[in-house]
Trainee: 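Handing you this structure, nothing more for now.
Every chain is numbered from 1, with letters handed out A, B, ... down the list of sequences. Computed from a predicted structure; not experimentally measured.
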Amino acid sequence: MCKTKEILNLLQGCKNMKKLLKIHAQVILNGYQDHPNITHKLLNFCAVSNSGNLPYAIILFQHIKNPQTPAWNSIIRGYSQSPFPLESLFYYNQMMFQSLVFPDNFTFTFLLKACEKVKKLERKCCEVHASIIRRGYIEDVVVCTNLVRSYARNELINAAQRVFDEMPVRDLVCWNSMIACYSQAGLHDEALKFYGRMRVSNVGLDAFTLVSLLSSCAHVGALKFGFQIHKFVDEYGFLEDVFVNNALIDMYAKCGSLDWACWVFHRMLKRDVSTWNCMIVGLGVHGQGDEAISFFEQMLQAGFHPNSITFLGLLCGCSHQGLIEEGFKYFQMMNSKFGLQPGIKHFGCMVDMFGRAGKLEKALDIIQNSPSQDDPVLWRTLLGACKIHKNVEIGEVAMKKLVDLRGLDAGDCVLLAGIYAEAKDHQGVSRMRKMIKTQGIKTTQGWSWIEVDDTVHKFVVDDKSHHDTDEIYMKLMEIIHRATLVGYVEEKTSGSSDSLSEECSGKSGSYHSEKLAIAFGLARTPEGTSLQIVKNLRVCKDCHSFTKFVSKAFRREIIVRDRVRFHHFKDGACSCKDYW
DNA sequence: TTAGGGTTAG
């Protein structure tokens with residue numbers, strides 16, 4: 001065999017840098033440094049392969065006299081998948097200004113990968129888009145799919161959609177990418193609607209489609225849509241796909257159907273860490289800490305190594321169920337047994353756990369001993385606990401800290417106003433009201449979603465924008481009347497913190513979004529079925545009590561997912577046992 | 001002589 005062929009064969013089977021260095025030595029000894037094929041194979045291995053070495057690739061590249069497009073592509077690709085994707089752009093610029101070669105479809109694909117990884121590159125995306133048009137690659141489906149993803153990752157979803165719409169040919173990957181872009185941008189309604197377009201385009205679907213759609217269903221609580229997708233999983237034969245099954249578990253858990261989540265879990269023949277995490281997190285947000293612990297122990301027995309998400313689910317469950325000793329034990333175990341550094345979210349769970357249980361000094365101690373004691377989120381959590389336990393003293397400490405950290409938001413003022421109101425400190429309440437007004441602190445708009453007839457209906461406080469608004473308000477009056485007959489008394493808003501609630505700051509006598517969603521749901525769904533509502537804020541005291549009485553008066557199960565957990569209302573009681 | 005997609009948290 002001739003020497004070049006022998007070296008090329010060796011490179012073909014090369015698995016690691018140690019072997020590559022030996023081959024490189026052979027290349028030099030035989031005088032093949034300038035052999036184009038050999039040089040490119042060497043370069044590509046170092047730059048791109050997992051066991052390569054990017055700095056070594058750069059040295060090789062610098063020794064190439066007139067690097068051609070594939071050589072530039074290797075370096076641009078190598079950096080795009082490294083922790084330094086910005087370097088890809090640097091080499092692309094060098095390629096454009098210093099050499100006489102031109103970028104091709106591969107160059108753009110790798111370059112766009114780098115743009116996708118680095119945020120805040122909106123301008124760069126536009127520039128690359130212009131170059132793609134100039135060089136005649138705008139009809140290349142792979143290049144355009146990457147362009148769509150780069151725009152979307154840089155928060156230019158409309159530009160991404162335009163590129164998609166103007167593509168002459170779209171394949172399945174391209175459709176999947178567009179759905180994933182919407183889903184990952186948090187535009188879940190759009191992702192689900194977009195699937196309607198995909199269905200009529202006859203490109204079919206695969207596991208990637210299903211996973212993105214299930215993720216969006218999970219986020220908006222679209223159980224019926226999710227159930228339809230479950231049918232596709234069976235029909236199209238994705239029963240063995242771990243990703244699809246994990247997404248199904250997550251969807252069922254987030255849509256309030258823990259039984260179905262368990263059913264999918266037990267059916268799986270192969271599981272991974274995410275499978276266990278989806279179950280543990282699902283149980284955690286339902287307040288089933290003991291069950292979450294049981295799954296965690298089974299996970300360890302099955303030989304899986306937990307990660308930081310596992311502990312978030314576990315701690316969240318302990319916090320919602322008031323399992324203080326267990327929660328603290330697992331929090332400490334994170335580092336001592338599994339070498340995992342608790343993050344801000346884990347500290348948040350601990351503050352929430354101690355705070356909710358009334359151990360406010362301990363919660364304060366956790367914050368002060370955490371590495372993130374200057375994070376407003378932890379102080380806000382403490383403030384929330386002070387509201388529950390009517391503690392003005394620590395509440396004011398937390399509020400002062402939030403002011404110092406300039407992290408104050410309207411919700412904080414509402415919480416402290418609530419604490420003052422409970423303590424009958426009317427001056428305090430009006431001070432908070434004034435603060436929101438004069439400092440122009442922004443309130444968070446409250447939303448509630450409900451899925452009826454395969455459509456997600458969204459409501460805000462006092463919403464009158466819905467097509468059937470008259471019917472909804474009529475139904476709401478009837479519901480209030482029937483709830484009152486079984487004992488519901490509206491929590492007075494005047495002079496209390498609720499007149500400053502997160503949802504309708506400054507207003508009283510309004511109808512929170514979930515009341516409208518409940519009215520719509522009861523008007524449009526058959527008797528005996530349960531209602532699923534998703535809310536972006538925490539449910540307020542009045543709405544919590546209202547929903548309990550509605551569940552009794554109408555004999556309907558109402559499942560509300562609020563910002564932090566699930567509430568299952570049935571026969572006048574809630575699964576959180578009023579501990580939330 | 002090289003190319004594009006998915007889950008849990010945030």
Trainee: Counting heavy atoms from C-beta on, name the nucleotide in B:dT1, B:dG6, B:dG4 closest to the side chain of A:Val142.
Mentor: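 Between B:dT1, B:dG6, B:dG4, the one nearest the side chain of A:Val142 would be B:dG4.
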
Trainee: Closest to the A:Val244 side chain: B:dT1, B:dG4, B:dG6?
Mentor: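 For the A:Val244 side chain, the nearest candidate turns out to be B:dG6.
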
Trainee: Measuring to OP1 and OP2 of B:dA9, would you say a side-chain N or O of A:Lys345 lies under 4.0 angstrom away?
Mentor: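 A:Lys345 to B:dA9 OP1/OP2: no side-chain N or O under 4.0 Å.
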
Trainee: What is the distance from CD of A:Glu139 to P of B:dG4, rounded to the nearest Å?
Mentor: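 Between P of B:dG4 and CD of A:Glu139: 21 Å.
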
Trainee: Tell me: CG of A:Asp104 to P of B:dT1, nearest whole Å?
Mentor: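 Roughly 15 Å, once rounded to whole Å.
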
Trainee: Measure the distance from CD1 on A:Ile7 to C1' on B:dT1 and round it to the nearest whole Å.
Mentor: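 It works out to 18 Å between those atoms.
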
Trainee: From B:dT2, B:dT8, B:dG4, pick the nucleotide closest to the side chain of A:Ser215?
Mentor: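 Selected nucleotide (nearest to the side chain): B:dT8.
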
Trainee: Which part of the nucleic acid, if any, lies within reach of A:His219 when heavy atoms closer than 4.0 Å are counted: base, sugar-phosphate only, or nothing?
Mentor: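 If one applies the 4.0 Å heavy-atom cut-off, A:His219 turns out to touch the sugar-phosphate alone, with no base involved.
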
Trainee: Closer than 4.0 Å, any side-chain N/O of A:Arg149 to the OP1 or OP2 of B:dG6?
Mentor: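 Checking A:Arg149 against B:dG6: at least one side-chain N or O falls below 4.0 Å of OP1 or OP2.
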
Trainee: Please report, rounded to the nearest Å, how far the C1' atom of B:dT8 is from the NE2 atom of A:His346.
Mentor: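 A:His346 atom NE2 is separated from B:dT8 atom C1' by 12 Å.
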
Trainee: Identify whether any heavy atom of A:Val48 sits under 4.0 Å from a base atom; if not, whether one sits that close to sugar-phosphate; answer base, sugar-phosphate or nothing.
Mentor: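 Nothing, no nucleic acid heavy atom in range.
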
Trainee: From B:dT2, B:dT7, B:dA9, pick the nucleotide closest to the side chain of A:Asn246?
Mentor: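 Closest of the options to the side chain of A:Asn246: B:dT7.
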
Trainee: Is there a donor N/O on one and an acceptor N/O on the other, under 3.5 Å, for the side chain of A:Asp206 and the base of B:dG6?
Mentor: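 No pair found.
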
Trainee: Choose from B:dA9, B:dG4, B:dG6 the nucleotide whose nearest atom is closest to any side-chain atom of A:Ile309.
Mentor: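 From the listed options, B:dA9 comes nearest.
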
Trainee: Can A:Phe243 be called stacked on B:dG6 when the rule is centres closer than 5.5 Å and an angle between planes below 30°?
Mentor: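 Check passed, A:Phe243 stacks on base of B:dG6.
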
Trainee: For a quick check of understanding: with a heavy-atom distance under 4.0 Å over all strands, which category does A:Phe110 fall into, base, sugar-phosphate or nothing?
Mentor: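 Base contact.
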
Trainee: Please work out which of the three classes, parallel, tilted or perpendicular, describes the rings of A:Tyr236 and A:Phe232, given edges at 30° and 60°.
Mentor: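 A:Phe232 and A:Tyr236: perpendicular rings.
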
Trainee: Would you indicate, yes or no, if B:dA3 has its OP1 or OP2 atom less than 4.0 angstrom from a side-chain nitrogen or oxygen of A:Asn105?
Mentor: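 So the side-chain polar atoms of A:Asn105 never come under 4.0 Å of the phosphate oxygens OP1 or OP2 of B:dA3.
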
Trainee: May I have the distance from A:Ile249 (atom CD1) to B:dA9 (atom P), rounded to whole angstrom?
Mentor: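 From A:Ile249 CD1 to B:dA9 P: 13 Å.
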
Trainee: Show every salt bridge (charged side-chain N to carboxylate O under 4.0 Å, His left out) that has at least one partner inside residues 131-146 of chain A, sequence neighbours left out.
Mentor: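 Checked against salt bridge (charged side-chain N to carboxylate O under 4.0 Å, His left out) - neighbours excluded - no pair reaches residues 131-146 of chain A.
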
Trainee: In whole angstrom, what separates A:Ile229's CD1 from B:dT7's C1'?
Mentor: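 To the nearest whole Å, that distance equals 13 Å.
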
Trainee: B:dT1, OP1 or OP2 - any side-chain N/O from A:Lys41 closer than 4.0 Å?
Mentor: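 Answer yes for this pair, as a side-chain N or O of A:Lys41 is under 4.0 Å from OP1 or OP2.
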
Trainee: Choosing from B:dG6, B:dT8, B:dG10, which nucleotide comes nearest the side chain of A:Cys278?
Mentor: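 Closest nucleotide among those given: B:dT8.
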
Trainee: Just call it for A:Val242: base, sugar-phosphate, or nothing, with non-hydrogen atoms closer than 4.0 Å on any strand.
Mentor: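 No contact at all - A:Val242 keeps every heavy atom at 4.0 Å or more from the nucleic acid.
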
Trainee: Establish, for the pair A:Arg170 and A:Phe164, whether the NZ or CZ atom is under 6.0 angstrom from the six-membered ring centre and no further than 45 degrees off its axis.
Mentor: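 Yes; both conditions hold, so A:Arg170 lies above the ring face of A:Phe164.
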
Trainee: Are any side-chain N or O atoms of A:Asn307 and backbone N or O atoms of A:Thr310, one a donor and one an acceptor, separated by less than 3.5 Å?
Mentor: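 Judged by distance alone, yes, a pair lies under 3.5 Å.
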
Trainee: Suppose we screen for salt bridge (Lys or Arg N to Asp or Glu O under 4.0 Å). Which residues come up paired with A:Lys65, at least two apart in sequence or across chains?
Mentor: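 For A:Lys65, the residues satisfying salt bridge (Lys or Arg N to Asp or Glu O under 4.0 Å) (neighbours in sequence not counted) are A:Asp34.
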
Trainee: Taking atom C1' of B:dG6 as reference, at what distance in whole Å does atom CG of A:Leu248 sit?
Mentor: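 It works out to 13 Å between those atoms.
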
Trainee: Report the nucleotide, chosen from B:dA9, B:dA3, B:dG6, that has the shortest atom-to-atom distance to any side-chain atom of A:Ala207.
Mentor: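 Comparing B:dA9, B:dA3, B:dG6 against the side chain of A:Ala207, the answer is B:dG6.
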
Trainee: Check every atom of B:dG6, B:dT2, B:dT8 against the side chain of A:Lys254 and return the nucleotide holding the closest atom.
Mentor: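 The answer is B:dT8.
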
Trainee: Any base atoms under 4.0 Å from A:Asp171, or only sugar-phosphate, or nothing? Heavy atoms, all strands.
Mentor: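 If one applies the 4.0 Å heavy-atom cut-off, A:Asp171 turns out to touch a base.
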
Trainee: Within the 4.0 Å heavy-atom criterion, would you say A:Asn73 contacts the bases, only the backbone, or no part of the nucleic acid?
Mentor: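 The residue A:Asn73 makes base contact.
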
Trainee: Report which part of the nucleic acid A:Cys144 touches: base, sugar-phosphate, or nothing (heavy-atom distance under 4.0 Å, all strands).
Mentor: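 No contact at all - A:Cys144 keeps every heavy atom at 4.0 Å or more from the nucleic acid.
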
Trainee: Classify A:Gln184 by what it touches in the nucleic acid, base, sugar-phosphate, or nothing, heavy-atom distance under 4.0 Å.
Mentor: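 A:Gln184: backbone/sugar contact only, no base atoms under 4.0 Å.
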
Trainee: In terms of side-chain geometry, is the basic nitrogen of A:Lys3 or A:Glu6 positioned less than 4.0 Å from the acidic oxygen of its partner?
Mentor: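 So A:Lys3 pairs with A:Glu6 through a salt bridge.
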
Trainee: Measure the distance from CZ on A:Phe45 to P on B:dT2 and round it to the nearest whole Å.
Mentor: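 That distance rounds to 15 Å.
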
Trainee: In Å and rounded to the nearest 0.5 Å, what is the CZ to CG distance from A:Phe243 to A:Asn245?
Mentor: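 Answer rounded to 0.5 Å: 12.0 Å.
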
Trainee: Is there a side-chain polar atom (N or O) of A:Thr145 under 4.0 Å from OP1 or OP2 of B:dA3?
Mentor: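 A:Thr145 to B:dA3 OP1/OP2: no side-chain N or O under 4.0 Å.
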
